[in-house]
Number of protein chains: 2
Amino acid sequence: MEIVIDIDSTTPVFTQLMEQIKQAVSSDGLAEGAALPSIRQLANELDVNSKTVAKAYKLLERDNIIQSRGYRGSFVHPEAKRYCGVNVNEWAHDELKATITKLKAKGVTDSELRIAFSNILSNKD
Amino acid sequence: MEIVIDIDSTTPVFTQLMEQIKQAVSSDGLAEGAALPSIRQLANELDVNSKTVAKAYKLLERDNIIQSRGYRGSFVHPEAKRYCGVNVNEWAHDELKATITKLKAKGVTDSELRIAFSNILSNKD
DNA sequence: ATATGTACCATTTATATCGATGGTACATGT
DNA sequence: ACATGTACCATCGATATAAATGGTACATAT
């Protein structure tokens with residue numbers, strides 16, 4: 001695990017963590033099933049808050065890149081590479097953009113879109 | 001035109017304007033094709049900024065409730081009542097929600113959606 | 001004891017956006 | 001001259017959110 005955090009970067013620390021761990025899995029620097037450093041251990045190594053590492057781990061788990069096993073620690077997901085390689089981001093971007101373009105063509109303003117989007121993601125319907 | 005603006009309301013002024021004008025059209029207080037007070041005139045009457053009234057008028061025109069005819073002034077849309085029942089915001093919300101629901105079903109995370117959405121609206125593609 | 005992930009509580013800083021306001025200016029017409 | 005809608009420019013205050021930080025505590029295990 002050679003993770004480098006750039007404090008001056010505009011990219012959030014938890015994102016840098018996610019990206020580098022994902023990259024390590026993709027390039028086989030981290031094998032599927034391999035043990036990850038513990039949250040506190042990595043936080044101490046990189047001199048960042050443990051909650052920040054916990055956030056990155058939690059999101060990576062949601063993305064099926066890693067798995068948390070309580071007191072046993074965190075591990076690379078058995079099928080992590082399958083989820084790393086799938087470029088759902090590009091497809092999602094295009095789908096979302098198509099809808100937004102359609103709505104804006106009907107005159108929906110950006111602020112209206114932001115409000116609607118925010119309400120949907122926070123389940124405030 | 002009996003429009004009452006409540007400054008202490010959490011509802012924005014431009015929204016109050018839109019709602020009350022729509023209501024007047026629905027209840028035949030404002031007939032289709034009838035002339036509306038000019039932007040500056042209404043702004044002066046209600047003691048609000050003309051840009052705020054202009055914003056409400058612009059959105060009402062988008063919603064086919066009113067029509068602007070340049071130097072001739074603003075008028076109730078000839079088929080305004082037909083469009084009074086149509087809520088552009090609701091329609092946009094439903095369209096957007098359908099897309100988001102589809103993306104999330106495919107495993108797209110909220111954070112990925114937020115990033116994509118933000119990038120699309122700011123044209124940073 | 002010590003370590004694991006995790007779940008709460010909270011504050012701070014920075015950034016973004018909203019809503020409203022104001023000014024200036026333009027072409028168009030009466 | 002005067003009024004119409006409209007398009008820019010801008011500022012201000014309030015609000016919301018993101019990101020990171022810190023503290024405390026819990027059940028679970030070695």
Side-chain angles (χ1 to χ4, degrees), chain A residues 5-19 35-62 66-75 77 109-122 124, chain B residues 5-19 35-62 66-77 89 109-115 117-124:
Chain A
I5 297 300
D6 179 10
I7 302 293
D8 300 327
S9 170
T10 59
T11 305
V13 174
F14 80 91
T15 303
Q16 294 184 45
L17 283 171
M18 290 180 68
E19 287 172 347
L36 288 161
S38 79
I39 289 177
R40 290 177 178 84
Q41 179 184 337
L42 186 55
N44 192 53
E45 258 185 46
L46 303 176
D47 198 35
V48 297
N49 195 278
S50 62
K51 309 303 186 310
T52 303
V53 178
K55 180 179 182 180
Y57 273 29
K58 190 179 177 187
L59 290 173
L60 284 171
E61 185 172 27
R62 186 178 59 182
I66 75 173
Q67 278 182 337
S68 295
R69 300 182 196 164
Y71 65 92
R72 273 163 288 183
S74 302
F75 302 83
H77 189 284
T109 66
D110 284 12
S111 51
E112 286 172 328
L113 283 174
R114 286 198 194 88
I115 291 171
F117 182 82
S118 168
N119 285 340
I120 292 167
L121 277 201
S122 51
K124 286 172 187 167
Chain B
I5 297 300
D6 179 8
I7 301 293
D8 301 327
S9 171
T10 60
T11 305
V13 174
F14 81 91
T15 303
Q16 294 184 46
L17 283 171
M18 291 180 66
E19 286 172 347
L36 288 160
S38 80
I39 289 177
R40 290 177 179 83
Q41 179 185 336
L42 186 55
N44 191 54
E45 257 185 46
L46 303 175
D47 198 35
V48 297
N49 194 277
S50 62
K51 309 302 185 312
T52 304
V53 178
K55 179 178 182 179
Y57 273 29
K58 191 179 177 185
L59 289 173
L60 284 171
E61 185 170 27
R62 178 201 65 184
I66 74 175
Q67 278 181 338
S68 294
R69 301 184 195 161
Y71 65 93
R72 272 164 289 185
S74 304
F75 302 84
V76 178
H77 190 284
N89 265 316
T109 65
D110 285 10
S111 49
E112 287 168 333
L113 283 174
R114 286 195 202 90
I115 292 172
F117 182 81
S118 169
N119 284 339
I120 292 168
L121 277 201
S122 50
N123 286 319
K124 285 170 188 168

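Residue numbers start from 1 in every chain, and the chains themselves are labelled A, B, ... in the order their sequence lines are given, proteins ahead of strands. Just so you know, these numbers use all the heavy atoms, side chains as well, and skip hydrogens, waters and symmetry mates. In this text, all values refer to a predicted model and were calculated from it rather than measured experimentally.
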Checklist entry - Can you check the A:Ile66 CD1 to C:dG5 C1' distance for me, whole Å? => result 11 Å
Next on the checklist: Does A:Arg40 contact C:dG5 through a side-chain donor or acceptor facing the base, at a distance under 3.5 Å?
Outcome noted: yes
Item to check | Nearest non-hydrogen partners of A:Val48 and A:Val13, listed with the distance | outcome: CG1-CG1, 4.0 Å
Item to check | Residues which pass side chain to side chain contact (heavy atoms under 4.5 Å, CB included) with B:Pro37, listed by chain and number, not counting sequence neighbours | outcome: B:Met1, B:Gln41, B:Leu42, B:Tyr57
Item to check | Residues forming a side chain to side chain contact (heavy atoms under 4.5 Å, CB included) with B:Thr10, sequence neighbours excluded | outcome: none
Checklist outcome for this item: Each nucleotide of nucleotides 17-23 of chain C classed B (base within 4.0 Å of a protein heavy atom), S (only sugar-phosphate) or -, in 5' to 3' order, makes SSSSBBB
Checklist entry - Taking atom C1' of C:dA3 as reference, at what distance in whole Å does atom CG of A:Leu36 sit? => result 16 Å
Next on the checklist: Nearest heavy atom decides the nucleotide; on that basis, is B:Gln41 or B:Lys58 closer to the 5' end of DNA chain D?
Outcome noted: B:Gln41
Please produce a list of atom pairs where a protein N or O lies less than 3.5 Å from an N or O of nucleotides 28-30 of chain D.
none

Checklist outcome for this item: From CD of A:Glu45 across to P of C:dA3 the rounded distance in Å is 15 Å
Checklist entry - Residues in side chain to side chain contact (heavy atoms under 4.5 Å, CB included) with B:Thr11, at least two apart? => result B:Ser9, B:Thr15, B:Gln16, B:Glu19
Next on the checklist: Filter on salt bridge (charged side-chain N to carboxylate O under 4.0 Å, His left out), then keep only pairs touching residues 42-62 of chain B, sequence neighbours left out; what's left?
Outcome noted: A:Glu112-B:Arg62
Checklist entry - Within the structure shown, what part of the strands sits under 4.0 Å from B:Glu61 by heavy-atom distance: base, sugar-phosphate, or nothing? => result sugar-phosphate
Checklist entry - What residues, two or more places apart in sequence or in another chain, satisfy ring-ring contact (aromatic ring centres under 6.0 Å, His included) together with B:Phe75? => result none
Checklist entry - side-chain hydrogen bond (donor to acceptor under 3.5 Å, both in side chains) with A:Asp110: which residues, sequence neighbours excluded? => result A:Lys104
Item to check | side chain to side chain contact (heavy atoms under 4.5 Å, CB included) partners for A:Ala116, two or more places apart | outcome: B:His93, B:Leu96
Checklist entry - Tell me: CZ of B:Phe75 to P of D:dT4, nearest whole Å? => result 11 Å
Checklist outcome for this item: To the nearest angstrom, the OH-P distance between B:Tyr57 and D:dT4 comes to 10 Å
Checklist entry - Under 4.0 Å: is that the gap between some side-chain N or O of A:Ser74 and OP1 or OP2 of C:dT4? => result no
Next on the checklist: When you measure only distances, ignoring hydrogens and angles, does the side chain of B:Arg69 come within 3.5 Å of the base of D:dT6 through a donor and an acceptor?
Outcome noted: no
Item to check | Rounded distance (Å) that lies between atom P of D:dA14 and atom CG of B:Asp8 | outcome: 14 Å
Checklist outcome for this item: Atom CZ of B:Arg72 and atom C1' of D:dT4 are separated, to the nearest Å, by 10 Å
Item to check | Side-chain donor/acceptor of B:Asn44 to backbone N/O of B:Arg40, under 3.5 Å | outcome: no
Checklist entry - Please give, in whole Å, the distance from D:dT17 P to B:Phe117 CZ? => result 14 Å
Next on the checklist: So, does B:Ser38 get its side chain near the phosphate of D:dA3, meaning an N or O under 4.0 Å from OP1 or OP2?
Outcome noted: no
